[in-house]
S.K.: 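What follows is a structure written as structure tokens; I'll ask about it next.
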Amino acid sequence: MPTTPRDVFYATTPIFYVNADPHIGHAYTTILVDVAARYHRLAGDDTYFLTGTDEHGEKIQKAADAAGTTPQAYVDRVSETFKSTWDKMGISYDAFIRTTESRHQQVVQDILQRVYDQGDIIYGEYGGLYCVKCERYYTEKELEGGLCPQHEIEPEYRSEANYFFRMEKYRPWLKDAIESQPDLIRPEGYRNEVLAMLREPIGDLSISRPRARVPWGIPLPWDSDHVTYVWFDALLNYYSELESKGLVDRYWRHAQHFIAKDIVKPHGVFWPTMLKAAGLPLFKHLNVHGYWLSDERKMSKSLGNVIRPLDLHDRYGNDAFRYYLMRDMTFGLDASFHELGLAERINADLANDLGNLLNRTLGMLGKYRGGVVPAFGPLDADTQALSDRFTALPDEVLDLVEELQFDRALDRVMEGVREANRYVSEKKPWELAKDDAKADELDTVLRACLEALRVASILLEPVMPEKMQALRTQLGVTSDVTLEDARRFDGLQGGSQAQPGEPLFPRVDLDALKESLAGDTEAPAEALEHKDTVTIDDFAKLEFRVAEVVAAEDHPKADRLLVLTLQVGPETRTVVSGIKPHYTADTMVGKKVIVVANLAPAKLRGIESQGMILAAEDADGKLSLAGLDVDLPSGSEVR
RNA sequence: GGCGAUGUAGCUCAGCUGGUUAGAGCGCACGACUCAUAAUCGUGAGGUCCGCGGUUCAAGUCCGCGCAUCGCUACCA
């Protein structure tokens with residue numbers, strides 16, 4: 001039963017920042033929206049699917065410099081990589097927006113001007129009190145007697161040339177809006193997270209950067225010495241796309257943003273307040289999904305465990321890959337990605353249940369009826385039950401899709417497929433075929449299987465567009481289908497000819513795969529990112545010394561910090577260190593460590609730290625203290 | 001430290017507003033069948049539903065406390 005009118009669907013992926021090539025995270029979100037869009041199109045909805053690339057900012061400028069090219073040439077290249085990746089993957093986006101397009105820039109400037117004119121963008125005399133020696137700003141609270149706590153000098157007043165969006169002003173409104181619309185942000189866990197953010201001041205949002213430093217951006221319309229900083233540029237793509245094409249009235253109020261959980265704050269806090277300030281209505285839903293984890297760890301470049309979507313396409317096929325992604329992630333939660341899981345899913349669901357149902361059905365049809373689709377004979381109870389089950393599926397599936405429960409939607413269809421396999425074993429068509437008196441019964445069974453396959457193929461098509469079309473081609477159906485075609489159990493043309501072909505989903509040899517996975521060595525790590533080169537003179541400014549930990553205790557006001565008392569030769573000093581997750585206070589006492597001895601002191605949650613100790617950290621955040629090979633007295637210099 | 005999420009069979013997970021002997025898929029064991037991609041179908045083994053208290057006639061499902069994992073957050077020199 002349809003619960004909501006499924007009329008208009010405007011869905012967006014984030015626009016991806018073009019400082020790296022697409023990976024599984026980008027691909028998942030994009031496939032997800034593609035699947036959702038295809039379901040809505042199938043249902044006959046007015047559907048618009050937007051993706052694109054985010055192309056401004058300092059990082060891009062640097063990357064272009066490093067590549068010896070211009071920012072524009074650089075973003076052209078990487079944006080094209082994204083686009084062609086999606087094209088190869090058959091992503092059915094309706095529009096691909098780039099923030100460097102003039103139509104986008106125009107809208108950004110218009111909205112900035114509007115918000116500025118109404119007084120919600122202010123020139124940030126931010127920070128105010130600045131200690132020259134610390135090179136940082138202090139708040140009144142942090143100062144001790146009006147002096148810098150580190151250097152005990154009077155800070156001077158400085159203002160940084162930034163513009164700020166008065167976001168804090170809209171906090172109460174946003175809180176109300178989210179509370180009164182339970183499904184604005186979903187699933188609920190992320191809604192709670194945003195509400196938690198809104199319980200405390202969110203401050204104002206810096207929205208500009210000096211053009212002198214970052215020329216690669218959209219100039220503020222009223223002050224061309226500044227360019228727009230990320231949010232007022234990137235987020236606005238969702239709107240500028242429609243505005244620049246005159247589609248706002250048609251789509252905007254139906255907007256659904258799909259994002260991964262790492263960008264909840266910009267989309268859940270910044271974006272709605274921006275819209276409010278611009279006098280625009282809120283989007284309809286912010287849909288937040290989790291991460292694909294590999295070996296319990298978040299995939300990251302430095303770990304070298306990035307899964308390249310196109311690799312897996314080549315190996316398993318686009319459709320099977322999409323099916324796995326949709327079937328094995330519960331929306332909103334993290335999921336684990338395992339190639340073996342993918343292979344098992346292919347074998348169990350696609351090859352054994354679905355592919356084989358097609359194969360056995362067409363096999364029998366060919367053998368017993370020359371491949372001609374028979375008319376139904378009289379419907380017995382079993383066949384009627386199968387028919388009822390399948391004709392009920394479209395609404396069940398679309399309701400689940402509406403709730404973003406893609407995994408369950410797919411399982412519903414597969415339950416039907418399994419039921420059809422059961423039906424075959426119960427009806428034993430191979431026995432019916434031996435008795436001419438049962439020709440009608442055999443016709444019914446064969447036709448029912450064909451219809452089940454046809455309906456399943458329609459309902460699975462948004463996830464597996466190519467294979468499901470191929471499936472219907474084998475059934476002899478070549479015309480386009482709609483959801484209405486899935487609501488009937490007599491959609492095939494009696495007397496038409498089936499066109500059996502190759503198995504849709506070849507089984508994966510699991511034993512061979514297990515072997516090859518076992519033999520796999522670690523994937524090669526990505527290149528390291530290096531900092532700027534320093535001279536030996538730069539290095540000589542640093543003073544490292546051996547120190548002995550003579551006492552250690554937990555920082556009273558922080559979780560991760562230990563307060564260490566170090567003996568450095570004749571000196572005793574206190575160092576606050578963020579190693580608590582890996583070293584407890586008592587295990588630290590007596591250890592010899594390396595300390596940076598001439599680092600400016602700093603207060604860490606109330607305790608002054610006079611230096612820092614060195615430790616190695618791996619990509620998982622695991623720490624190991626730097627130490628000595630041979631025991632040397634504390635105070636010894638390290639070079 | 002604060003906030004939040006998660007914790008159900010070997011594995012991946014369903015279990016909505018509390019109600020009969022707790023479910024699915026995969027894997028495993030045994031059996032059936034032979035139309036089919038060594039597929040399918042049936043049967044079975046396997047769970048103190050993280051722990052402890054509480055509310056209730058009745059709790060995996062509500063409440064409290066605790067534990068574990070993860071995330072966000074508190075300027076991890």
Side-chain angles (χ1 to χ4, degrees), chain A residues 134 136-139 142 150 187-197 199-200 261-262 264-265 290-291 293 296-298 327-330 332-336 338 340-341 344-368 403 405 407-408 410-411 414-415 418 420-433 442 445-446 449 500 502-508 510 554-562 575-582 595-596 599-605 608-615 617 621 623:
Chain A
C134 297
R136 59 159 284 193
Y137 290 91
Y138 280 96
T139 63
E142 291 173 310
Q150 307 299 333
E188 199 181 357
Y190 297 103
R191 172 178 185 257
N192 292 336
E193 211 162 276
V194 173
L195 284 171
M197 294 173 195
R199 276 199 285 273
E200 290 179 10
K261 65 184 186 180
D262 57 334
V264 165
K265 189 170 185 176
Y291 291 141
L293 306 176
E296 305 305 313
R297 294 182 297 189
K298 184 183 169 185
R327 177 63 186 81
D328 273 32
M329 176 178 271
T330 301
L333 303 180
D334 291 349
S336 13
H338 290 126
L340 194 58
E344 284 173 347
R345 191 55 92 182
I346 290 173
N347 280 1
D349 290 6
L350 301 181
N352 295 353
D353 288 346
L354 179 61
N356 188 235
L357 177 63
L358 175 70
N359 208 40
R360 69 196 304 206
T361 301
L362 292 186
M364 290 186 283
L365 186 70
K367 200 172 293 186
Y368 307 140
E403 296 163 18
Q405 301 194 286
D407 53 339
R408 300 190 60 190
L410 294 180
D411 195 44
M414 293 312 303
E415 277 176 13
R418 287 191 288 271
N421 274 316
R422 254 190 303 278
Y423 171 83
V424 173
S425 344
E426 279 164 18
K427 291 298 181 189
K428 299 184 174 37
W430 49 93
E431 288 185 2
L432 298 175
L442 179 58
V445 172
L446 292 175
C449 290
E502 291 299 300
L504 288 179
F505 300 100
R507 282 176 60 82
V508 178
L510 290 183
D554 293 349
H555 192 299
K557 290 199 286 186
D559 270 4
R560 310 173 60 89
L561 303 183
L562 285 182
V575 166
V576 180
S577 185
I579 57 176
K580 193 163 157 192
H582 296 90
V595 63
V596 183
L599 191 66
K603 264 201 178 175
L604 295 179
R605 292 201 69 77
E608 182 170 273
S609 180
Q610 302 154 326
M612 75 185 271
I613 62 174
L614 300 185
E617 180 176 16
L623 295 180

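So that the names make sense, note that chain A is the first sequence line, chain B the second, and so on, each numbered from 1.
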S.K.: Find the distance between CZ (A:Arg345) and NE2 (A:His338) and round it off to the nearest 0.5 Å.
M.R.: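 It comes to 14.0 Å.
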S.K.: Please report the distance separating the C1' of B:G23 from the corresponding atom of B:A32, rounded so that it comes out in whole Å.
M.R.: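 Rounded to whole Å, the distance is 25 Å.
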S.K.: In whole angstrom, give me the gap between the C1' atoms of B:U12 and B:G47.
M.R.: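 It works out to 16 Å between them.
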S.K.: Treating primed atoms plus P, OP1 and OP2 as sugar-phosphate and everything else as base, which nucleotides of nucleotides 69-74 of chain B get B, S or - for protein heavy atoms under 4.0 Å?
M.R.: -----B
S.K.: Using atom CG of A:Leu333 as one end and atom C1' of B:U6 as the other, report the distance to the nearest whole Å.
M.R.: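 Value for this atom pair: 8 Å.
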S.K.: Given that both distances must come in under 3.5 Å, which nucleotide forms a Watson-Crick or G-U wobble pair with B:A38?
M.R.: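 Result: none.
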S.K.: Could you tell me how far apart A:Glu415 (CD) and B:A24 (P) are, to the nearest whole angstrom?
M.R.: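 Rounded to whole Å, this separation is 10 Å.
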S.K.: Using the P atom as the reference point in each nucleotide, state the distance between B:C13 and B:G54 in Å, no decimals.
M.R.: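 The same atom, P, in both gives a distance of 33 Å.
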S.K.: Is there a donor-acceptor pair under 3.5 Å between the side chain of A:Lys427 and the backbone N or O of A:Val424?
M.R.: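 Answer holds: no.
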S.K.: Checking base pairs now: Watson-Crick or wobble, both atom distances under 3.5 Å. What partners B:G10?
M.R.: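 Per the H-bond distance test, B:C26.
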S.K.: Do any side-chain atoms of residues 353-368 of chain A form donor-acceptor pairs under 3.5 angstrom with protein atoms, and if so which ones, sequence neighbours left out?
M.R.:
residue  : atom : partner  : partner atom : Å
A:Arg360 : NH1  : A:Asn421 : OD1          : 2.9
A:Thr361 : OG1  : A:Leu357 : O            : 2.6

S.K.: Please name the nucleotide paired to B:G46 by Watson-Crick or G-U wobble geometry with both distances under 3.5 Å, or report none.
M.R.: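 Its partner is none (no Watson-Crick or G-U wobble pair with both distances under 3.5 Å).
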S.K.: If you find the nucleotide of RNA chain B closest to A:Thr330 and the one closest to A:Asp349, which residue's nucleotide is nearer the 5' end?
M.R.: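 It is A:Thr330, whose closest nucleotide lies nearer the 5' terminus.
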S.K.: Short question: side chain of A:Asn347, backbone of A:Val508 - any donor-acceptor pair under 3.5 Å?
M.R.: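 Yes, the answer is positive, given that a donor and an acceptor are paired below the 3.5 Å cut-off.
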S.K.: On RNA chain B, check which nucleotide each of A:Asp328 and A:Glu426 is closest to and give me the residue with the more 5' one.
M.R.: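 Looking at RNA chain B, the more 5' nearest nucleotide goes with A:Asp328.
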S.K.: Can you check the distance between B:C26 and B:A9, where both ends of the measurement are the C1' atom (answer in whole Å)?
M.R.: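 That atom pair is separated by 12 Å.
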S.K.: Counting the atoms with a prime plus P, OP1 and OP2 as sugar-phosphate, which does A:Val596 contact under 4.0 Å by heavy atoms, base, sugar-phosphate, or nothing?
M.R.: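 Result for A:Val596 = nothing.
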S.K.: Provide, to the nearest angstrom, the distance between the CG atom belonging to A:Asp407 and the C1' atom belonging to B:G15.
M.R.: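 In whole Å, B:G15 C1' lies 13 Å from A:Asp407 CG.
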S.K.: Do A:Leu504 and A:Leu350 come close enough that some side-chain heavy atom pair is under 4.5 Å?
M.R.: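 In short, these two side chains do not touch, never coming nearer than 4.5 Å.
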S.K.: Please give the distance between the P atoms of B:U55 and B:A14 as a whole number of Å.
M.R.: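 Pairwise P distance, B:U55 against B:A14, rounds to 31 Å.
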S.K.: For the C1' atoms, the ones on B:A45 and on B:G10, what distance do you get once it is rounded to whole angstrom?
M.R.: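 Taking atom C1' in both B:A45 and B:G10, they lie 12 Å apart.
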S.K.: Between P on B:A5 and CG on A:Leu195, what's the gap in Å once rounded to a whole number?
M.R.: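 In whole Å, B:A5 P lies 11 Å from A:Leu195 CG.
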S.K.: Tell me the interatomic distance from A:Glu344, atom CD, to B:U12, atom P, rounded to whole angstroms.
M.R.: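 Rounding to the nearest Å, CD of A:Glu344 and P of B:U12 are 11 Å apart.
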S.K.: Does B:A59 have a Watson-Crick or wobble partner in any strand here, with both distances under 3.5 angstrom, and which is it?
M.R.: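 When the pairing criteria are applied, nothing turns out to pair with B:A59, so the answer is none.
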S.K.: Could you walk me through whether A:Arg418 and A:Asp411 pass the side chain to side chain contact (heavy atoms under 4.5 Å, CB included) check?
M.R.: CA-CA 10 Å; A:Arg418 287 191 288 271; A:Asp411 195 44; 3.4 Å; yes
S.K.: How close or far is atom P of B:U12 from atom CG of A:Leu340, stated in whole angstroms?
M.R.: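 Those two atoms, CG and P, are 12 Å apart.
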S.K.: Determine the Euclidean distance between corresponding C1' atoms of B:C63 and B:G25; express it in Å to zero decimal places.
M.R.: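 Rounded to whole Å, the distance is 34 Å.
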S.K.: Summarise how protein sits on nucleotides 32-40 of chain B as a single string, 5' to 3': B when a protein heavy atom is under 4.0 Å from the base, S for sugar-phosphate-only contact, - for no contact.
M.R.: -SSBBB-SS
S.K.: Between B:U12 atom C1' and A:Met414 atom CE, what is the distance in whole Å?
M.R.: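 A:Met414 atom CE is separated from B:U12 atom C1' by 16 Å.
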S.K.: Quick one: look up who B:G64 pairs with, Watson-Crick or G-U, both distances under 3.5 Å, and put none if it's unpaired.
M.R.: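 For B:G64, the partner nucleotide comes out as B:C52, under the 3.5 Å rule.
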S.K.: Which nucleotide, if any, forms a Watson-Crick or G-U wobble pair with B:C76, using both distances under 3.5 Å?
M.R.: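 Paired with B:C76, as far as the under-3.5 Å criterion goes, is no nucleotide at all.
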S.K.: Rounded to the nearest 0.5 Å, what's the gap from CG on A:Asp407 to CE on A:Met329? Could you check?
M.R.: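 The distance works out to 10.0 Å.
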S.K.: So, does A:Tyr190 use its side chain to make a donor-acceptor pair with the main chain of A:Lys261 at under 3.5 Å?
M.R.: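 Side chain of A:Tyr190 to backbone of A:Lys261, a donor-acceptor pair under 3.5 Å: no, none is there.
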S.K.: Could you tell me which non-hydrogen atom of A:Val264 sits nearest to which non-hydrogen atom of A:Met197, and how far apart they are?
M.R.: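 In this case the closest contact between A:Val264 and A:Met197 is CG1-CE, 4.4 Å.
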S.K.: Taking any heavy-atom pair under 4.0 Å as a contact, classify A:Gly611: base, sugar-phosphate, or nothing.
M.R.: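 It contacts sugar-phosphate atoms only.
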S.K.: Could you tell me whether the side chain of A:Phe505 reaches within less than 4.5 Å of the side chain of A:Asp349, counting heavy atoms only?
M.R.: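 Of all side-chain heavy-atom pairs linking A:Phe505 with A:Asp349, none is under 4.5 Å.
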S.K.: In whole Å, what separates the C1' atom of B:G1 from that of B:C57?
M.R.: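 Their C1' atoms lie roughly 43 Å apart.
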S.K.: Less than 4.5 Å apart, any side-chain heavy atom of A:Arg507 and any of A:Asn352?
M.R.: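 In contact.
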S.K.: Does B:G4 have a Watson-Crick or wobble mate here (both distances under 3.5 Å), and if so which one?
M.R.: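 B:C70 is the nucleotide pairing with B:G4.
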